[in-house]
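Chain letters run A, B, ... following the sequence lines, proteins first, then strands; residues in each count from 1.
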2 protein chains.
Amino acid sequence: MANGQAEDRPLTRIQQKNRQTILDAALEVFSQNGFRGSTLDQIAEVAGLSKPNLLYYFPSKDAIHAQLMATLLDTWLHPLRALDADGDPVAEIMAYLRRKLELSRDFPRESRLFANEILQGAPRMKAALEGELRTLVDEKAAVLRAWAAAGKIADLPPHHLIFSIWALTQHYADFEVQVRAVLGEDHDPYAEAQGFLDTLFRKLLAP
Amino acid sequence: MANGQAEDRPLTRIQQKNRQTILDAALEVFSQNGFRGSTLDQIAEVAGLSKPNLLYYFPSKDAIHAQLMATLLDTWLHPLRALDADGDPVAEIMAYLRRKLELSRDFPRESRLFANEILQGAPRMKAALEGELRTLVDEKAAVLRAWAAAGKIADLPPHHLIFSIWALTQHYADFEVQVRAVLGEDHDPYAEAQGFLDTLFRKLLAP
DNA sequence: TTGCCGTTTGACCTTTCGATCAAATCCACG
DNA sequence: CGTGGATTTGATCGAAAGGTCAAACGGCAA
């Protein structure tokens with residue numbers, strides 16, 4: 001058996017390491033150039049492997065991208081899942097905001113990979129958006145609506161409230177070049193964003 | 001003289017029409033696939049012209065993209081330029097917000113083209129970001145700071161206030177697929193966004 | 001030491017890409 | 001008309017793309 005893929009034998013140490021190396025390189029390249037704009041040669045060079053060796057571990061360029069996508073949405077939604085209907089409303093939302101901003105700061109490549117996919121019409125993720133994502137958002141939107149009805153937070157359209165958290169946090173990762181170009185050298189974008197967004201949402205959520 | 005490019009003779013009617021057709025097709029294709037992910041064949045097909053014919057009107061793929069970029073930043077910054085230091089502070093900011101949202105609604109392809117460029121590290125626009133853009137933003141930031149100092153609006157970091165307007169409005173164009181996937185059929189994203197963002201910024205700006 | 005199997009790679013295939021060019025076609029003007 | 005410049009395109013080029021393959025390599029068990 002040549003390819004580690006076929007039949008689900010447990011992965012050897014080398015396989016595990018190299019698959020991870022490849023996925024990491026692919027994340028780097030795909031997040032910067034998009035799927036169609038990236039080449040196997042680029043990924044191979046970043047990974048420090050030969051192109052045929054890449055295709056020894058993954059059957060195709062698509063398969064590498066698909067593997068990244070499979071992990072991505074889950075990582076990306078995890079903070080929202082943690083929003084607890086039984087917690088303190090404002091505190092829960094502020095905690096979600098903070099986790100999302102940390103995700104942008106610590107995993108900007110993942111953010112940009114996601115942005116690339118959506119920008120291009122989500123050809124490989126549309127189903128997940130209309131299924132998994134929509135279900136989760138609807139569920140949390142109901143929680144927000146209940147909090148608003150109980151007078152715990154301001155009465156706002158819950159979906160758009162969630163969008164605003166996404167937009168404001170992801171902006172700092174996806175448009176990082178622009179943010180840095182505008183702010184110049186003597187700024188810490190994420191630290192400042194944290195303070196600003198904290199203020200913004202506290203004002204917004206006050207009933 | 002074969003190529004309409006060399007020497008700046010006035011453009012014929014046909015040249016004007018075809019150059020515009022090509023730029024429009026290129027906007028469509030580049031905004032969806034990014035520069036490296038787009039091909040001349042795609043653009044040619046959308047434009048309804050042959051590939052050599054494209055290259056009769058523009059010397060290269062790069063030149064088409066460059067032409068789009070040259071127009072883009074100006075279009076994109078126009079609403080901010082209109083922010084008037086002598087107007088009513090809250091009204092001026094709300095008007096800017098509305099114009100920016102209308103830009104997202106009416107020119108989503110331009111928004112996505114811009115987003116693609118920034119996402120990829122702004123290789124063809126970095127200079128403009130650090131020059132023209134930064135200068136304009138700094139200038140308007142000073143206006144916002146003055147308004148805050150005069151107690152006309154809340155005291156907020158002006159650059160981040162501007163970022164928040166960009167992020168929140170452009171999100172509806174750049175992430176449109178996601179917005180629609182989450183909201184489902186029976187929603188008018190932009191109409192709802194207008195109401196929500198109006199509320200958000202009125203609350204935020206209140207001193 | 002040797003044999004086996006997982007791993008690596010150089011060479012190569014086909015397709016697609018950006019670009020070129022000569023020939024064909026179109027069109028406005030005299 | 002008819003002619004000259006503007007416009008269009010089929011054929012083609014070299015480079016780069018994704019992917020294949022057989023041969024070479026490496027390390028561990030017997």
Side-chain angles (χ1 to χ4, degrees), chain A residues 1-23 25-26 28-30 32-69 120 123-124, chain B residues 1-30 32-69 120 123-124:
Chain A
M1 184 58 43
N3 191 314
Q5 228 67 12
E7 309 191 12
D8 44 7
R9 206 168 308 202
L11 299 178
T12 68
R13 239 171 303 126
I14 294 182
Q15 280 171 351
Q16 213 155 353
K17 191 196 68 174
N18 280 350
R19 283 178 62 95
Q20 198 47 56
T21 302
I22 292 168
L23 287 174
E28 182 74 26
V29 175
F30 282 142
Q32 201 162 107
N33 304 107
F35 179 75
R36 299 204 35 180
S38 303
T39 71
L40 286 177
D41 292 281
Q42 286 177 292
I43 299 173
E45 187 178 336
V46 173
L49 299 172
S50 67
K51 182 166 62 168
N53 206 4
L54 248 64
L55 294 164
Y56 172 73
Y57 289 103
F58 291 90
S60 68
K61 180 184 172 185
D62 279 83
I64 300 176
H65 191 262
Q67 178 63 57
L68 284 176
M69 283 295 148
Q120 286 162 27
R124 302 150 197 276
Chain B
M1 183 59 42
N3 190 316
Q5 227 68 11
E7 308 191 13
D8 45 7
R9 205 167 309 200
L11 298 180
T12 68
R13 238 171 305 123
I14 294 183
Q15 280 171 351
Q16 213 156 353
K17 191 194 68 172
N18 279 351
R19 282 178 63 94
Q20 198 46 57
T21 302
I22 292 167
L23 287 174
D24 200 64
L27 173 60
E28 181 74 25
V29 174
F30 282 143
Q32 202 162 106
N33 303 107
F35 179 76
R36 299 205 36 181
S38 303
T39 71
L40 287 177
D41 291 281
Q42 286 177 292
I43 298 173
E45 187 178 335
V46 173
L49 298 172
S50 68
K51 183 166 60 170
N53 207 5
L54 249 64
L55 294 165
Y56 171 73
Y57 288 104
F58 291 90
S60 67
K61 180 185 172 185
D62 279 83
I64 300 176
H65 191 262
Q67 179 62 57
L68 285 175
M69 283 296 147
Q120 287 162 27
R124 301 151 197 276

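- Between A:S50 and A:R36, the residue anchored closer to the 5' end of DNA chain C is A:S50, taking for each the nucleotide with the nearest heavy atom.
- The distance between atom CG of A:L40 and atom P of C:dC13, rounded to the nearest whole Å, is 20 Å.
- Distance NZ (A:K61) to P (C:dT15): 18 Å, rounded to an integer number of Å.
- Proximity of A:R124 to A:H65: side-chain heavy atoms (C-beta onward) are separated by under 4.5 Å at one or more points.
- Side-chain proximity of B:D41 to C:dG18, D:dG18, D:dT8: nearest is C:dG18.
- Nearest to the side-chain atoms of A:L55 among the listed nucleotides D:dT9, D:dG19, C:dT7 stands D:dG19.
- Rounding to the nearest 0.5 angstrom, the gap separating the CD1 atom in A:I22 from the CG atom in A:L68 is 11.0 Å.
- Atom CD1 of A:I43 sits about 11.0 Å away from atom CG of A:L49, to the nearest 0.5 Å.
- Considering only heavy atoms from C-beta on, A:K61 comes within 4.5 Å of A:F30 through its side chain.
- Dashed line: the shortest gap from a side-chain N or O of A:N18 to OP1 or OP2 of C:dT8 is under 4.0 Å.
- The interatomic distance linking B:Y57 (OH) with C:dG18 (C1') rounds to 19 Å, in whole Å.
- The CZ-C1' distance, from B:F58 to C:dT20, rounds to 18 Å in whole Å.
- Here the straight-line distance linking atom CD of B:E45 with atom OG1 of B:T39 works out to 9.0 Å at 0.5 Å rounding.
- Along DNA chain D, the nucleotide closest to A:Q42 and the one closest to A:P52 are compared, and the more 5′ of them pairs with A:Q42.
- Look at CG on B:L49: it is 12 Å from P on D:dT7, rounded to the nearest Å.
- Across the protein-nucleic acid pair, A:Y56 atom OH and C:dC5 atom P stand 13 Å apart, rounded to whole Å.
- Taking every side-chain heavy atom of A:N53 into account, C:dT9 is the closest of C:dT9, C:dC21, D:dG19.
- If you measure from atom CG of A:L54 to atom P of D:dA17, you get 14 Å, rounded to the nearest angstrom.
- For A:I43 and D:dG19, the CD1 to P distance is 10 Å, given to the nearest whole Å.
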